[in-house]
Every structure is written in C-alpha cells, then in structure tokens.
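Bear in mind the structure is a predicted one, so any value in this text is a computation, not a measurement. Below, all heavy atoms of this structure are taken into account, side chains as well, without hydrogens, waters or symmetry copies.
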Amino acid sequence: RGASSPPHRGERARVGAAGMNVSRSKPSKPLPPERGSFPLDHDGECDATRRVYMQCLVDNAYDGMACKGVAKAYLECRMQHNLMVEDDLRNLGFDERALQQRAAAA
C-alpha cells in the first residue's frame with residue numbers, strides 16, 4: 001500500500017498532516033507549584049523593599065547571603081499583604097541560629 005492510500009476500515013491514521021505522531025490520549029493537567037502561586041505585586045505594596053533588595057544584590061556582587069536581612073523583610077511584606085502564603089521563615093531559609101553561625105564563621 002502506498003503512502004497516499006487511505007487507511008483500511010477500522011484502522012486509524014496515526015500520523016498528522018506534518019508527518020508527526022499524533023497522540024490520542026487526554027492532555028495531562030498541569031500541576032501547580034509546590035508552595036502555590038506567587039502573585040505579582042500589581043499595587044506595588046512591597047515595591048520599596050524589592051528595590052532595596054535588588055540594590056543590595058547589585059552592591060554586593062549578587063551575594064544573596066549579604067542581603068539575607070532585606071530578603072527576609074521582602075518576604076514578610078509579601079506575606080503581610082497576602083501576596084504569598086504565610087509560612088514560618090525557617091521553612092524559607094531564615095533559621096536565625098544557622099545564620100548567626102555562618103556570620104561567626106565568616
């Protein structure tokens with residue numbers, strides 16, 4: 001049978017118009033991020049803190065540890081304004097004891 005002949009009765013075409021395989025299964029449902037959504041700050045409620053954080057990164061050659069305090073303030077602002085789910089800051093990498101130990105070692 002040639003490439004241009006139609007499929008026999010009961011046989012389904014498995015190749016699309018561009019010669020690509022076509023899946024007949026249901027499309028998979030996208031999964032949300034593990035910690036939920038992280039909405040944009042459309043009203044600029046935490047914009048001042050974000051700007052301070054971004055400037056801190058620039059001033060410190062993008063060393064996140066040097067800006068940890070500002071990052072903490074930014075996340076607290078987002079939680080206070082319902083721009084992210086409230087969570088214990090230790091779950092977000094802000095364990096005070098660990099930070100103090102790192103600072104003492106530096």
Any donor-acceptor N/O pair, R78 side chain to A73 backbone, under 3.5 Å: no

In this structure, CE of M79 is separated from CE of M84 (nearest 0.5 Å) by 5.0 Å

Determine the minimum heavy-atom distance between C56 and A66, stating which atoms define it. SG-O, 4.0 Å

Is there a path of hydrophobic side-chain contacts, each under 4.5 Å between heavy atoms, that joins Y62 and V70? yes

Separation between NZ of K72 and OH of Y53, rounded to the nearest 0.5 Å: 14.5 Å

List in chain and number order the residues that pass side-chain contact (heavy atoms from CB on, under 4.5 Å) with E45, two or more places apart in sequence or in another chain; answer none if no residue qualifies. D41, D43, H81, L83

If you define the side chain from C-beta out and look only at heavy atoms, does anything of F94 sit under 4.5 Å from D88? no

State which residues pass side-chain contact (heavy atoms from CB on, under 4.5 Å) with R50; sequence neighbours excluded, sorted by chain then number. D47, M54, Y74

One should read off an interatomic distance between E76 CD and L92 CG, to the nearest 0.5 angstrom, of 10.0 Å

With rounding to the nearest 0.5 angstrom, report the CG to CD distance, N60 to Q55. 9.5 Å

Tell me whether V52 shares a hydrophobic cluster with L57, the cluster being built from Ile, Leu, Val, Met, Phe, Trp, Tyr side chains joined at under 4.5 Å. yes

Can you name the side-chain contact (heavy atoms from CB on, under 4.5 Å) partners of N82, sequence neighbours left out? none

The reported gap from CG in L75 to CG in L89 (rounded to nearest 0.5 angstrom) is 7.0 Å

